[in-house]
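Data first, discussion second: the structure below is written as structure tokens.
A, B, ... follow the sequence lines: proteins, then strands. Residue 1 opens every chain.
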Amino acid sequence: MSQDHIMLEARDLSVVLGGHEVIAIPSLTVMSNEVLGIIGPNGSGKTTLLLSLALLLRPAGGSILYQGQPVANGVAALRLRRRFAVVFQETLLLSGSVWDNVTLGLHLRGVGKEETVARARKWLARFGIAALAKRQARTLSGGEAKRVSLARAFVLQPEVLFLDEPFTALDSPTRQALLDDFESVLRETRVTTVMVTHDRNEAIVLADRVAVLMDGRIRQVGTPEEVFSYPVDEEVARFVEAGNVLRGVVSAQSGGLATVAVGDHHFDAVSDLAVGTRVTLFLRHEDVTLTLPPTQSALTSARNRLVGKVVKVFPLGSQVRLTVDCGFPLVALVTRRSAEEMELILGKTVHATFKATAVHVLRE
Amino acid sequence: MSQDHIMLEARDLSVVLGGHEVIAIPSLTVMSNEVLGIIGPNGSGKTTLLLSLALLLRPAGGSILYQGQPVANGVAALRLRRRFAVVFQETLLLSGSVWDNVTLGLHLRGVGKEETVARARKWLARFGIAALAKRQARTLSGGEAKRVSLARAFVLQPEVLFLDEPFTALDSPTRQALLDDFESVLRETRVTTVMVTHDRNEAIVLADRVAVLMDGRIRQVGTPEEVFSYPVDEEVARFVEAGNVLRGVVSAQSGGLATVAVGDHHFDAVSDLAVGTRVTLFLRHEDVTLTLPPTQSALTSARNRLVGKVVKVFPLGSQVRLTVDCGFPLVALVTRRSAEEMELILGKTVHATFKATAVHVLRE
Amino acid sequence: MDLILQGIVQAFQLLVRGDPEMLRVAALSLAVSLGATAISLVLGVASGTAIGLTKFMGRRFLVSLINTGMGSPPVVVGLIVTILLWRNGPLGALGLLYTPFAMVIAQVIISLPIVTGFTIASIQQVDPKLRLQILSLGASRFQMLWLFLKETRLPLLAAVMAGFGAIISEVGASMMVGGNIPGQTRVLTTAIVMETSKGNFALAIALGVILMVLVFLVNMALTIIQQRSRAR
Amino acid sequence: MDLILQGIVQAFQLLVRGDPEMLRVAALSLAVSLGATAISLVLGVASGTAIGLTKFMGRRFLVSLINTGMGSPPVVVGLIVTILLWRNGPLGALGLLYTPFAMVIAQVIISLPIVTGFTIASIQQVDPKLRLQILSLGASRFQMLWLFLKETRLPLLAAVMAGFGAIISEVGASMMVGGNIPGQTRVLTTAIVMETSKGNFALAIALGVILMVLVFLVNMALTIIQQRSRAR
């Protein structure tokens, strides 16, 4: 399947709940084999949008198109629904064993016994829960149950996978282990995925594109780099806690201080990840300091230093957001007074520095 | 009452719940007229400690001393309890009107009608809820109910006031307005106060001393400056999210950028508070950059720059915590590699810089 | 068909003109059931509060015993009370069998577990910190108990209503220990059974209407109380 | 005192040797109440599921009507059924009065609101997202309904138990529409009332023990079911 093929599309989508229009979206597309992250504050309609796209909620207006064809109701919708799978925040396992749960969707589709067994075995193993097959679903821990609910979705080999905050409500180590497994499954299957999350790091690590939903409206769609570095407005910026998103590989490691190669640049960051690990760096805009050259190369504890030209100036009240082209764009937030004193205008050459301790390293 | 008088003391306090010793404290003192903040992670036993000190929970071992005298049981304890007042996280108003709630404690003590009316009127007015006196308590909003529960405590003119996370579960503007009112009441009455909180800012702004409770043990007691700038160990540091705490007054204000005078120094910070406002500045250790002189006074967007001598070096794995004496102690967290390259040893003169956007300004 | 229509018409005539026999039966029914409810209220709230607020060995067993009592058939209660009050039974000398007092005793035994069980449940639903808050306001142990019961008064009222509702519409035990003696121990339910079996539908319907109205009022009050106590 | 001790001793003799009269009464009681429960199960679960899963005008009113039905006195149900089945009543031609069929009818009317009400409540307690989860697994509307009911089977069993418990220990309606005819419509409760009033404590106690055991078993099953469904 080509990457630029539209899998799912919403047009003029309107969802009304309790007399209020909670979703109003002129257009939203999900491309084949992409992971689309939907982020937004509580009550912004993320789950409602997901349910509409997954054909589990009838919209008040507009249409959902599957591979270019509008979705009809009734038996046709059922046939389509059987190409989708949904994993909710709550694990929602049915009574019975883990095996019963994982095979249920196949039984509902009338899949033959042999194939059912083969597929269920494969996905139980893939999520590391083969040993739990005979356990009663209600006796599982939160992390185990979540693995079952993921296996139950993947066993269906869906064309589109929908996830509603799947990793919330898990404690941190459980969550990290599951995220790692899930990510490798996702990379391997390349299944088209729509994922609702409120966790910025999850979106950065997993999503190919991110849609920001606020008050039922899509405010911005783009790559994680675009959305987190260049939020369209103040409100989006405040919600996503804007920062620079850089992708790279750990190139050196020494006692908890890692060097990460981003293109031709090398940055120091506090992290104990091994050499060769693919990582995403997150750096808050306000943690980037700009200095005017010529600057003496005095030793400073700000380990990362870049030279670049100001290519964008965006005033924000008492502060100014500046984009510096250092081979890649780096965004810094400085006070208006600094910007005036330093005459930070378009084309000005500046040094950008940031401390190794200010860089958040996320394993990809 | 003199400031150095011990009001309440716990000795060898041990509280056992469900077979586990949840509190084990060799000694803890509450001085007259001080505000003692108790901070700690969830489940560390903060509330249990508060209830023990307030004589609402019988300890398994040890004793509570009130003004040097061990507390007995029975009628004597009741007489002591009537010198205390407790405000819980939940407002726990009784049915009936606001007036009924605020006067209840006085009725229980058999206070005369005239005095009851006078005191209730005073405290309803003081917390801005005089107009609500006749309202049914259960019809109040969260913020209003919290004000009633505070008035209900202050009307008792307690010798010791106990507060269990009183400002949690309120939305941000309501919380700020109430915090302001509460703080001015506290400053005015100088009532001895024991306050449990998980909010660092609340502790910085309100407490004279802070006790850090972890796993039922007091790990550190000291002024907010001491505890937040110099946590005794890594675990405490990680919990309190250590940072520099500086107290000062806004000396200039221009369009959202404030200059704050701290002793002889002036710092720029992003804040729209008016000139003359007493503030506390909070600056994360990792937001302080150290540079070796002679450094060219190049223009930089790091608006705040100080010169000082390294007076303390504390290695923390891949990072090092350095204290720089700039007239006042300023703590910086740098990578071990930086510390080695810059030869940051005791006595070394360094420049410390931090951006105006990195300073959190808390109104005092 | 005529008989039934006629019965309904006559029933409303009885209701409108306040037939003395009908009023006597309804009054006795109310007197017995209200008396039994009052006794259950005192005993049930006291013991329910004690059980709900304290912890002791065998507490769980006692609570499950009370729950069993809530579900035990009234005819069995009637049988036991009859045996106890039988002329040569242990309490036969009191001569209470086939008197309203016997009915009150039986109805107390039926409603007491209901009131006690409801009381325990409603006390356990109150935030346990409320007790600490009341104590911290300077209440003595006795003042605390009083304020605490005042706070739970709506669920307690529901407990009393449920107890009353159960015994006013109960028929087996009342018939057994009361004997359904006209003018002495005949109550609404036993009268309805008797008049119906005699084909005397007019009086039966009239009494049925009164019973329904009473039960309806109790249910309505219960619903309102439960909604108000939930609203808090 | 002797009479009572004697009664208890005789009662256990009857129980041990399986007295035919006792067995006949118990068997009829079980047959009637189980039959009525089965009918209520089918009607109540179907209508309860429909009401619980759909939204329509007047739904609230219907639910409160069902709740009223749950609390209406059995003697009134007995009165209404008697009138309907009376020899010259609307359904008198069927000749059902004073037969076990009449008792089944009355008991269905008593237990149906209980089963329906419990069904609605237990369906509303299930996470509404479970429906979506089942649909998203590829279930057709019919498959979804079946899986959904399978998920709620424990609370539904509780509903049935509660309905059965209410009618097996009910006395008024059974007496009115059954007539307590020996060998034909005499059930546990009516027999206990009758034998007690005759002073025939041996049989009354034996029947009382059987009734208590049945009710106890139902209560125990209910408790276990409720605890298991809460554990999920």
SB check B:Arg147 B:Asp181 (cutoff 4.0 Å):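 Salt bridge flag = yes for B:Asp181 with B:Arg147.
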Quick test of your reading of the model: are B:Glu144 and B:Arg135 salt-bridged, counting only N-O distances below 4.0 Å?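 Salt bridge flag = yes for B:Arg135 with B:Glu144.
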Will you find, in the side chains of [X] and [Y], an N or O donor that is under 3.5 Å from an N or O acceptor?
X	Y	value
B:Asp164	B:Thr47	yes
C:Gln107	C:Ser33	yes
B:Glu202	B:Thr197	yes
B:Ser97	B:Gln136	no

Can you list the steps and then say if B:Arg175 with B:Asp199 is a salt bridge (charged side-chain N to carboxylate O under 4.0 Å, His left out)? CA-CA 12 Å; B:Arg175 180 194 169 97; B:Asp199 184 311; 2.5 Å; yes
Enumerate by number any residue of residues 98-113 of chain B whose heavy atoms lie under 4.5 Å from heavy atoms of chain C; in the absence of such residues, state 'none'.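 From residues 98-113 of chain B, the residues near chain C are B:Leu104, B:Gly105, B:Leu108, B:Arg109.
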Using non-hydrogen atoms and a 4.5 Å limit, figure out which bit of [X] sits close to chain C: side chain, backbone, both or neither.
X	answer
B:Leu56	both
B:Ala54	neither
B:Arg152	both
B:Leu57	neither
B:Leu92	both

Output, in order, the C-alpha distance, side-chain angles, deciding distance and verdict of side chain to side chain donor-acceptor pair (under 3.5 Å) for B:Thr192 and B:Glu34. CA-CA 5 Å; B:Thr192 306; B:Glu34 83 165 346; over 6 Å; no
Part of residues 110-149 of chain C lying next to chain B, heavy-atom separation under 4.5 Å: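 Within residues 110-149 of chain C, near chain B: C:Asp127, C:Lys129, C:Leu130, C:Leu132, C:Gln133, C:Ile134, C:Leu135, C:Ser136, C:Leu137, C:Gly138, C:Ala139, C:Ser140, C:Gln143, C:Leu147.
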Quick one: which of C:Val171, C:Thr190, C:Thr189, C:Val187 gives a side chain to side chain contact (heavy atoms under 4.5 Å, CB included) with C:Asn180?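 Per the side chain to side chain contact (heavy atoms under 4.5 Å, CB included) rule, the option paired with C:Asn180 is C:Thr190, out of C:Val171, C:Thr190, C:Thr189, C:Val187.
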Any residue meeting ring-ring contact (aromatic ring centres under 6.0 Å, His included) with B:Phe154, in chain and number order, not counting sequence neighbours: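 B:Phe154 satisfies ring-ring contact (aromatic ring centres under 6.0 Å, His included) with B:Trp123, B:Phe127 once adjacent residues are dropped.
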At their closest point, which heavy atom of B:Val185 faces which heavy atom of B:Arg126, and how far apart are they?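 Nearest heavy atoms, B:Val185 then B:Arg126: CG2-CZ, 3.6 Å.
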With sequence neighbours left out, which residue pairs that include part of residues 41-66 of chain B fulfil the ring pair (Phe, Tyr, Trp, His ring centres under 6.0 Å) condition?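 Listed once each, the pairs are B:Tyr66-B:Phe84.
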